[in-house]
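Computed from heavy atoms alone, side chains included, the values below leave out hydrogens, waters and symmetry copies. Bear in mind the structure is a predicted one, so any value in this text is a computation, not a measurement.
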Amino acid sequence: EGAPFLERYEPRLRDACRKIMADQQSFGRALWNNIPKMMFIFLPLIAAVLALLYFRSGRYYVEHLLFVVHFHAFFFLTGIFVLLLERLSEMTHGGLATGITAVEGVLGAALTFYVPWYLLKAMRRVYAQSWWKTVPKYALLGFAYLICLVFTGVGLLAYTALTL
């Protein structure tokens with residue numbers, strides 16, 4: 001008949017949906033606060049993908065994990081810089097705010113291209129393989145990244161909803 005898993009959690013899920021609809025702002029805050037927990041699962045998953053892609057590299061899993069942590073630290077630092085520019089433009093007025101907003105837009109657009117390029121160059125340097133081997137692995141990593149992001153994102157939504 002029905003799935004026992006769904007029957008077991010249906011009352012909690014319905015209750016969570018009611019709470020979310022009643023106070024969407026609290027759900028958003030709880031979701032934001034749970035992102036570090038999601039990253040705690042996401043980063044090791046991506047490291048596992050790298051370990052599979054570079055199975056014969058002779059590297060330990062922890063080395064792949066350190067590579068992923070390094071890349072995400074770079075990514076988050078650039079994101080923080082863009083957010084700081086956004087806040088600065090909100091706090092200023094007139095021409096200065098317009099200039100800061102323009103710099104923020106240019107920087108955001110530049111980072112949209114530079115961050116993926118940085119990852120590709122980092123993979124090539126760290127794993128010391130040719131472009132012909134690195135580019136397909138980069139593409140596979142990107143696909144796996146998307147799949148893992150969706151998987152952990154859905155987990156984040158479910159975890160947040162069930163712990164409200």
Side-chain angles (χ1 to χ4, degrees), residues 25-164:
Q25 195 171 16
S26 290
F27 177 70
R29 272 194 306 274
L31 200 61
W32 180 257
N33 291 335
N34 284 332
I35 288 176
K37 292 174 186 168
M38 181 204 83
M39 293 304 288
F40 192 73
I41 295 168
F42 179 73
L43 292 179
L45 282 175
I46 296 302
V49 170
L50 275 174
L52 289 173
L53 289 174
Y54 291 99
F55 179 69
R56 295 178 180 248
S57 70
R59 295 180 184 270
Y60 294 107
Y61 170 78
V62 171
E63 294 176 87
H64 301 294
L65 184 60
L66 286 173
F67 177 82
V68 170
V69 169
H70 162 83
F71 172 72
H72 281 86
F74 167 75
F75 177 74
F76 290 135
L77 282 173
T78 58
I80 287 169
F81 190 68
V82 170
L83 288 174
L84 287 174
L85 282 175
E86 183 181 325
R87 296 283 187 231
L88 188 61
S89 71
E90 290 172 0
M91 292 175 12
T92 57
H93 302 288
L96 183 59
T98 304
I100 293 170
T101 301
V103 168
E104 176 194 338
V106 169
L107 183 63
L111 288 173
T112 299
F113 294 101
Y114 183 70
V115 168
W117 175 249
Y118 179 85
L119 177 59
L120 179 62
K121 293 283 288 182
M123 286 174 67
R124 183 145 191 288
R125 175 164 292 177
V126 168
Y127 296 105
Q129 290 187 333
S130 70
W131 286 105
W132 296 107
K133 288 184 177 182
T134 303
V135 170
K137 289 179 181 183
Y138 173 79
L140 286 170
L141 180 65
F143 180 71
Y145 196 96
L146 179 64
I147 298 300
C148 290
L149 195 60
V150 167
F151 173 73
T152 55
V154 168
L156 171 68
L157 288 169
Y159 175 80
T160 304
L162 290 173
T163 57
L164 279 179

Greater than 12 external heavy atoms within 6.0 Å of Trp132's CH2:
no
Does a sphere of radius 6.0 Å around CZ in Phe74 hold more than 12 heavy atoms from other residues, nucleotides or ligands, not counting ones at 6.0 Å or beyond?
yes
Measuring from atom [atom1] of [X] to atom [atom2] of [Y], what distance do you get when rounded to the nearest 0.5 angstrom?
X      : Y      : atom1 : atom2 : value
Met123 : Lys133 : CE    : NZ    : 13.0 Å
Arg29  : Thr160 : CZ    : OG1   : 13.0 Å
Thr134 : Arg125 : OG1   : CZ    : 12.5 Å
Arg87  : Ile80  : CZ    : CD1   : 12.0 Å
Leu83  : Thr78  : CG    : OG1   : 9.5 Å
Lys37  : Leu156 : NZ    : CG    : 10.0 Å

Can you tell me which residue pairs pass the side-chain hydrogen bond (donor to acceptor under 3.5 Å, both in side chains) test with a partner in residues 44-63, sequence neighbours excluded?
none
Tell me the side-chain hydrogen bond (donor to acceptor under 3.5 Å, both in side chains) pairs involving residues 106-118, sequence neighbours left out?
His70-Tyr118
Looking at Tyr138 and Pro116, would you say the former's side chain and the latter's main chain have a donor-acceptor pair under 3.5 Å?
yes
Do Leu50 and Tyr127 make a side-chain contact, defined as non-hydrogen atoms from C-beta onward lying under 4.5 Å apart?
yes
Check Leu52, Val49, Leu53 against Leu140 for a side chain to side chain contact (heavy atoms under 4.5 Å, CB included) and give me the one that passes.
Leu53
Below 30° counts as parallel, above 60° as perpendicular, anything between as tilted: where do the rings of Phe71 and Phe75 land?
parallel
Donor-acceptor pairs under 3.5 Å, side chain of residues 40-48 to any protein atom, not counting sequence neighbours: which ones?
none

Of all the heavy-atom pairs spanning Pro136 and Trp131, show the shortest one and how long it is.
CD-O, 4.1 Å
Where do Phe27 and Ala161 come nearest, in terms of heavy atoms and distance?
CE1-N, 3.9 Å
